[in-house]
Amino acid sequence: MKDETICLHSGYTPEDGGPGVVPIVQSTTYRFQSTEHIGDLFNLPNEYMYSRFANPTVDAVEKKLAELEGGVGAMCTTSGQAASLLSILNLCSAGDSFISTSAIYGGTVNLFAVTLKRFGIECIFVDPEASDEELQAAIKPNTRLVFGETLANPALTVFDIERFAKFAHNNGIPLIVDNTFATPVLCKPIEFGADIVVHSTSKYLDGHALQNGGVIIDSGKFDWTNGKFPEFTEPDESYHGIVYTETFGNMAYIIKARMQLMRDIGAYPAAHSAFLLNLGLETLPMRMKQYCENAMTVAKYFKASDKIELVTYPGLPDDEYYELAKKYMPNGASGVIAIRIKGGKAAAVRFMDGLKLASREVHVADIRTCVLHPATATHRQLTDEQLIACGIDPGLIRFSVGLENIEDIIADIEQSLANV
Ligand SMILES: *Cc1c(COP(=O)(O)O)cnc(C)c1O
């Protein structure tokens with residue numbers, strides 16, 4: 001099925017006479033007739049037993065998201081941060097390292113560079129433009145994976161997924177891609193060689209700024225039996241000796257994430273959150289089309305203004321990443337634009353504060369137009385060096401185009417720019 005159809009029909013099939021919309025199963029527990037049945041659940045946990053790590057409403061959304069990305073399975077989390085964290089912890093232990101491009105979301109930079117370091121896991125950052133030799137030089141015997149972001153928040157650098165997938169696979173390790181800004185409607189990283197895809201569903205997937213969430217999706221394509229991943233091929237003593245690749249085949253990664261990490265950590269969304277996420281997903285393809293169209297118009301407007309010094313939007317033909325955007329997001333470059341106003345930070349603040357329709361908020365990819373100054377907000381914890389490495393100029397404004405009528409969005413920009 002195509003995306004529009006998947007978004008409306010996948011994940012949940014009503015029984016004869018059953019509810020037409022996925023029901024909210026608001027229950028911690030599930031009841032069983034026999035003690036033996038419960039015991040069996042711990043051997044092959046393919047039924048619901050406890051909502052810390054599995055729930056029918058969440059499961060319906062997981063199935064839909066897996067199908068949308070072209071994966072074999074998915075696991076939802078309470079936030080995008082939790083998805084990124086668990087996607088790494090499923091492969092790395094203390095003493096391991098992994099490689100990430102530096103053009104990623106600032107919250108992820110902090111998670112990788114500060115928090116995971118305290119777990120004893122080293123993140124080696126590489127420039128997205130690094131040469132093959134430089135990339136290879138970053139590989140160590142303990143390197144377990146490569147990480148990148150399709151469309152970097154907020155630098156809007158486009159990640160060369162195919163190139164980094166080849167690099168990872170040549171070294172016998174998987175590629176994880178954060179596909180939040182592109183969404184599976186605009187880019188399906190698995191088709192370009194990504195092995196694992198993560199999302200902050202708080203953004204376009206939810207789409208309405210209703211609830212935080214995340215998801216990890218497994219392509220099912222990576223060969224965990226290549227000798228580098230004994231935790232997949234040797235008995236898991238924390239799960240009475242299960243061997244993940246033997247018992248679960250190409251779903252080994254995503255089931256291990258649930259059985260070990262979600263079981264122990266419990267960063268699992270509530271049924272009601274999944275219900276709301278599902279509601280957002282139903283209209284995702286239509287919304288993405290309009291976001292792209294509105295953003296293109298706004299980007300061209302900014303481009304034509306003599307008050308704007310720099311416009312970054314990979315959908316513009318003269319953008320540095322236009323060619324990569326055409327390859328990875330042929331139907332549109334999503335709804336976020338980065339701009340730099342002449343007059344530096346003071347002018348940026350004046351422009352932002354003068355907006356009447358667009359809101360100033362710590363969010364992006366909202367259904368309503370919103371703006372943020374990353375250097376003093378979401379990316380405040382980063383040093384100037386880290387800011388530059390993420391592609392963030394101190395004067396940069398992140399302009400997230402919403403789904404209001406385009407004439408109203410432009411009129412708002414126009415009136416505010418007039419006062420700058
Ligand atoms: C927002 C965001 C995250 C973090 O997601 P939360 O849901 O806020 O935890 C991760 N990656 C990207 C690209 C994001 O934009």
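As the structure lists them, so they are numbered: ligands from 1, and atoms in each ligand from 1.
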> What protein heavy atom sits nearest atom 8 (O) of ligand 1, and how far off is it?
Replying inline: N212 ND2, 3.9 Å
> Around atom CZ of R350, are there more than 12 heavy atoms of other residues, nucleotides or ligands at under 6.0 Å?
Replying inline: no
>> Quick test: of every protein heavy atom, which one is nearest to atom 13 (C) of ligand 1, and how far off is it to 0.1 Å?
In response: E149 OE2, 3.2 Å
>> What protein heavy atom lies closest to atom 14 (C) of ligand 1? Include the residue and the distance to one decimal.
In response: K203 NZ, 2.9 Å
> Does an N or O anywhere in S84 fall below 3.5 Å from an N or O of ligand 1?
Replying inline: no
> Starting from atom 7 (O) of ligand 1, which protein heavy atom do you reach first, and at what distance in Å?
Replying inline: S202 OG, 2.6 Å
> With the threshold set at 4.0 Å, does a side-chain nitrogen-carboxylate oxygen contact exist between K140 and E122?
Replying inline: yes
>> With a 6.0 Å cut-off (strictly less than), is the heavy-atom count around NZ of K289, excluding the residue itself, greater than 12?
In response: no
>> Between S416 and I413 (side chain of the first, backbone of the second, donor and acceptor by atom type, cut-off under 3.5 Å), is there such a pair?
In response: no
> When you measure from atom 11 (N) of ligand 1 to every protein heavy atom, which one gives the shortest distance, and what is it?
Replying inline: D178 OD2, 2.7 Å
> Do any N/O atoms on Q81 end up under 3.5 angstrom from N/O atoms on ligand 1?
Replying inline: yes
Tabulate below the donor-acceptor pairs under 3.5 Å that side-chain atoms of residues 323-332 make, not counting sequence neighbours, or state none.
unit_1: K327; atom_1: NZ; unit_2: E162; atom_2: OE1; d: 2.6
unit_1: Y328; atom_1: OH; unit_2: D160; atom_2: OD1; d: 2.5
unit_1: Y328; atom_1: OH; unit_2: I161; atom_2: N; d: 3.2
unit_1: Y328; atom_1: OH; unit_2: E162; atom_2: N; d: 2.8

>> For K300, is the NZ atom crowded, meaning more than 12 foreign heavy atoms sit under 6.0 Å from it?
In response: no
> What atoms of ligand 1 come within less than 4.0 Å of a heavy atom belonging to N153?
Replying inline: 14 (C), 15 (O)
> F181 to ligand 1: N or O pair under 3.5 Å?
Replying inline: no
> Would you call G213 a ligand 1 contact, heavy-atom distance under 4.0 Å?
Replying inline: yes
>> Give me the nearest non-hydrogen protein atom to atom 6 (P) of ligand 1 as residue plus atom name, then the distance to 0.1 Å.
In response: G80 N, 3.3 Å
>> Quick check: Y204 with Y291 (ring centres under 6.0 Å apart)?
In response: yes
>> Side chains of V364 and P154, heavy atoms from C-beta outward: is any pair under 4.5 Å?
In response: no
